Amino acid sequence: MEFDNSFDVALPPAEAWVWLLDIERIATCLPGAELTEVVDAQTYKGRVGVRLGPVS
């Protein structure tokens, strides 16, 4: 099985990385993801639920 997907980001790479590394913002964009604790500026705890067909 192979998954293939792509998309364009309308930002320069340096600006895109700043946004993508903002875990609190990005977690809300991921289906099934939940940020449960912010330990410090670089450590986070959370959960991700994944469902693929009848398997979760």
Side-chain angles (χ1 to χ4, degrees):
M1 182 180 297
E2 180 180 330
F3 295 101
D4 187 19
N5 193 10
S6 65
F7 58 91
D8 293 323
V9 177
L11 292 173
E15 287 182 46
W17 277 118
V18 169
W19 193 85
L20 290 169
L21 292 175
D22 185 346
I23 303 301
E24 293 180 75
R25 182 183 289 176
I26 290 296
T28 63
C29 298
L30 300 172
E34 176 187 6
L35 189 60
T36 58
E37 182 181 352
V38 178
V39 177
D40 60 42
Q42 296 200 350
T43 307
Y44 302 88
K45 292 184 181 182
R47 291 184 210 137
V48 177
V50 179
R51 182 175 177 126
L52 184 58
V55 179
S56 42

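Predicted, not measured: the structure shown is a model, and the values here were computed from it.
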Problem set entry | CD (Q42) with more than 12 external heavy atoms under 6.0 Å | no
Problem set entry | Residues clustering with V48 (ILVMFWY side chains joined when closer than 4.5 Å, directly or via others) | V50
Can I get a per-line list of side-chain donor-acceptor pairs under 3.5 Å for residues 5-24, giving both atom names and the distance, sequence neighbours left out?
residue, atom, partner, partner atom, Å
D22, OD1, R25, N, 3.4

For this session: Working to the nearest 0.5 Å, report the span between CG of L35 and CD1 of I26.
Result: 12.0 Å
Seminar exercise, completed: Taken in chain and number order and not counting sequence neighbours, the residues that satisfy side chain to side chain contact (heavy atoms under 4.5 Å, CB included) with T36 are E34, K45, R47
Problem set entry | Residue pair T43 / D40: nearest heavy atoms and the distance that separates them | N-OD1, 2.9 Å
Exercise. Shortest non-hydrogen contact from A33 to A27?
Worked result: CB-O, 3.7 Å
